[in-house]
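Data first, discussion second: the structure below is written as structure tokens.
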Amino acid sequence: MLQYIGDSKGLKSRVRQHCLGNVESSALRKTIANEMGFEIISTKRQSGSRKLTVFPTSAEQVISSYIQSGTWKVVVCETAEEARDFQWYAIDKKRPPLNKHMKFWNKNNEVTYKILLENLLESEYIEFDLTLKISTDSGVYSLWHEISPA
């Protein structure tokens, strides 16, 4: 089941960041933490910026395990700008449960985006251990998982 759609200037590094990162570096990880009932703690750094962590700290591994047990699909876009806008089209059309926000997309590009969405949905599933082979180009990625994190 489709759980999440996102865009990136570098598909491979972003997917890997979701798989192995932390809640501060990934909106997907923050959403999963919330869905799983973990607490997100915001503390102030000396610099004045905010640091996000999850409580308990062992929750990061639980989140990683969940994401790594899912699969990915990706589609390369011509530009990072196209990927960003296409992401909103794909979210609008598919309504994945872990995407909590939606923005407008350029309706002049609907024909192109319809083709890109078909290509994304028809692309191969990529298991975690094969994510190192994902393209480094700009594009849109999607997380698929049979189990909801809730």
Could you tell me if Lys107 sits above the aromatic ring of Trp105, with its cationic atom closer than 6.0 Å to the ring centre and no more than 45 degrees from the axis? yes

Could you tell me whether the side chain of Glu146 reaches within less than 4.5 Å of the side chain of Gln3, counting heavy atoms only? no

Salt bridge Glu24-Arg45, side-chain N to carboxylate O under 4.0 Å: yes

Within-4.5 Å side-chain heavy-atom neighbours: Ser142 and Leu120: yes

Ignoring hydrogens and geometry, is there a side-chain-to-backbone donor-acceptor pair from Glu60 to Val23 under 3.5 Å? yes

Hphob cluster co-occupancy, Ile67 + Leu11, side-chain heavy atoms under 4.5 angstrom: yes

Ser69 side chain to Ser65 main-chain N or O, any donor-acceptor pair under 3.5 Å? yes

hydrophobic_cluster_shared for Tyr4 and Val140, side chain cutoff 4.5 Å: no

Are a donor atom and an acceptor atom from the side chains of Ser64 and Arg29 found within less than 3.5 Å of each other? yes

Measure the acute angle between the ring planes of Tyr125 and Trp144, then classify it against the limits of 30° and 60° as parallel, tilted or perpendicular. perpendicular

Give a yes or no on whether the backbone of Ser8 and the side-chain of Arg14 come within a donor-acceptor separation of less than 3.5 Å. no

Would you call Ile32 and Leu98 a side-chain contact if the rule is heavy atoms closer than 4.5 Å? yes

Looking only at side chains, do Asn106 and Tyr89 share a donor and an acceptor under 3.5 Å apart? no

Got a second to check how far Ser58's OG is from Phe38's CZ, nearest 0.5 Å? 6.5 Å

Would you say Thr112 and Glu82 make side-chain contact, with heavy atoms under 4.5 Å? yes

So if I apply the side-chain hydrogen bond (donor to acceptor under 3.5 Å, both in side chains) rule between Thr131 and each of His18, Lys12, Arg16, which one comes out positive? Arg16

Shared hydrophobic cluster for Val54 and Tyr66 (ILVMFWY, side-chain gaps under 4.5 Å): yes

Indicate if Leu28 and Ile5 have the same hydrophobic cluster label, given that clusters are the connected sets of ILVMFWY residues with side-chain heavy-atom separations under 4.5 angstrom. no

Expected output: side-chain Asp137 to main-chain Val76 donor-acceptor under 3.5 Å: no

Quick test of your reading of the model: are Lys100 and Glu35 salt-bridged, counting only N-O distances below 4.0 Å? yes

The residue among Ile41, Thr43, Asn22, Ile40 that forms side chain to side chain contact (heavy atoms under 4.5 Å, CB included) with Leu52 is Ile40

Quiz question: by atom type and distance under 3.5 Å, do the side chains of Gln17 and Ser13 form a donor-acceptor pair? no

Pairwise side-chain contact, Leu20 with Phe128, heavy-atom cut-off 4.5 Å (strictly under): yes

Under the side-chain hydrogen bond (donor to acceptor under 3.5 Å, both in side chains) test, residues paired with Ser47 that sit two or more places apart: Ser49

Side chain to side chain contact (heavy atoms under 4.5 Å, CB included) for Asp92 and Phe104? Distances and angles first, verdict last. CA-CA 9 Å; Asp92 182 29; Phe104 293 105; over 6 Å; no

Do you reckon Leu143 sits in the same ILVMFWY cluster as Tyr141, going by side-chain contacts under 4.5 Å, direct or chained? yes

